Amino acid sequence: MRFVDLINKKVSGQNLTSEEIRFWIEGYVNGSIPDYQVSALLMAIVFRSMDRREILDLTMNMAKSGDMMDLSAIDGVTADKHSTGGVGDKTTLVVGPMAAACGAHLAKMSGRGLGFTGGTIDKLESIDGFHVNLDHKAFIRQVNEIGIAVVGQSGNLVPADKKLYALRDVTGTVSSIPLIASSIMSKKLASGSQVIVLDVKYGSGAFMKTVDQARELADTMIRIGRGAGRKVRAVISSMEEPLGHAIGNALEVREACQALMGNGPDDLMQLCLTLGSLILIECGICSDPDEARERLMESVKSGRALDKLVQMVKAQGGRPEQIYDPSLLPCADHVTSILSPVSGFVHSEDALALGNLAMQLGAGRAKKDDAIMKETGIVLCVKPGDYIEAGSPLAAAHHRLPLPDGWLEECVRAFDIREQREDPHPLIADIL
Ligand code: URA
């Protein structure tokens, strides 16, 4: 087989056979097919797309390119929750302990943040001593004993995606639904959980800018997962605005702890209850959404969900005092208020702009190996629909270094304040 023939086929809009897709992924991972040829094929896929069978073949070959986690030693059904990424998205830290407190088994591998989007692993590492590297036996034991473990990706999980994603990043080939869906789902399939609940974001702070694109991505991922014999559900949720108030690692852990103490922002809680009820239903713990929501709310009221987070933090080397008293988490030396220049109603808050501004303070990394400053970020004082007086704070910047030139002005521009109030758009656009 010659790789150039595969490129030519895709350029002319033909489908690749299962054998050709296997040849591509095996050859790319073992180094016999060079980056420049794979880049050409990826670009052809961006323009010509792939059909359902091709997407499933691609995903399965990617998933099997490295270790496939065997979670069969975990008692009961295992669940994983995945967000396509966003700004202020700390749902895993809230819904994970809530679902575990209701009897679910969450075996979760998470990633680090890149660009304006955060990563759960970075957030958890803002807890003193918390480590994300558990060997397989310890991971299984922890999920069996506590019901939840969140770890970093193991060394050899989906090497095909590591190479392909790095190449897509520098060749303008990220924005293709077949490529995004196969990248995400290959990691989910290799991670081994039987139930996969996806939070597919749309809006300024997400990969998918519109609800329709997000629905198409969700549909594609659901089909892949079901084709591979897993139970998959998806929520389409808005990332026009950041989720909750806090953006930045320790700040988000603090907000997650407050949510588990019963003081969470409405949008965060609404999303966690929706995702959590899908987890409980698909795991066979509850049979109807109202019952599931009831049990999840009860886990917060009773303190059992917070206790679950504490148990996980203890088991992974972290300081539980920081969960019971989040003011002990790393704090920034400087807090600067961003004041509203006008009075009016908050119409929108640009998630992408705020994510980038938080990154400039050190909360995120522009390049994979950049260091982050755990304590930095932005806390929003208002949400869409709220009224604000001129001179009152829109947000607070938590920073270690002086604010960059023009930062405050740019931050003010991220808020759209209008004279008339309009109802904020719904957080959850669909459940599939
Ligand atoms: N997240 C992934 O893991 N892969 C993509 O292609 C896009 C987002």
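What you see is a predicted model; the values in this text were computed from it and never measured. Whatever order the structure lists them in is the order used to number ligands and atoms, beginning at 1.
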(message) For atom 1 (N) of ligand 1, what is the closest protein heavy atom, and at what distance to 0.1 Å?
(response)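 That would be I184 CG1, 3.8 Å.
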(request) Can you pull out the closest protein heavy atom to atom 8 (C) of ligand 1? Residue, atom name and distance to 0.1 Å, please. (result) F207 CE1, 3.3 Å
(message) Check this for me: does any side-chain nitrogen of one of E54 and K10 sit under 4.0 Å from a carboxylate oxygen of the other?
(response) yes
(message) Strictly below 4.0 Å, N to O, side chains only: are K383 and E241 in salt-bridge contact?
(response)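 Salt bridge between K383 and E241, a charged N being under 4.0 Å from a carboxylate O: no.
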(request) Assess whether atom CZ of R53 is packed by more than 12 heavy atoms of other residues, nucleotides or ligands within 6.0 Å. (result) yes
(message) I'd like to check whether K187 has a polar contact with ligand 1, where a contact means an N/O of the residue lying under 3.5 Å from an N/O of the ligand.
(response)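 Indeed, backbone or side chain, K187 has an N or O that close.
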(request) Identify the residue among L217, V46, I55 that makes a side chain to side chain contact (heavy atoms under 4.5 Å, CB included) with I177. (result)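 Only one option passes, and that is L217.
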(request) Work out whether the distance between some heavy atom of V174 and some atom of ligand 1 is less than 4.0 Å. (result) no
(message) Between S183 and L164, is there a side-chain heavy-atom distance shorter than 4.5 Å?
(response) no
(message) At less than 4.0 angstrom from any non-hydrogen atom of Y165, what atoms of ligand 1 do you find?
(response) 4 (N), 5 (C), 6 (O), 7 (C)
(request) Number the atoms of ligand 1 from 1 as they appear, then name those within less than 4.0 Å of a heavy atom of S183, with their elements. (result) 2 (C), 3 (O), 4 (N), 5 (C), 6 (O)
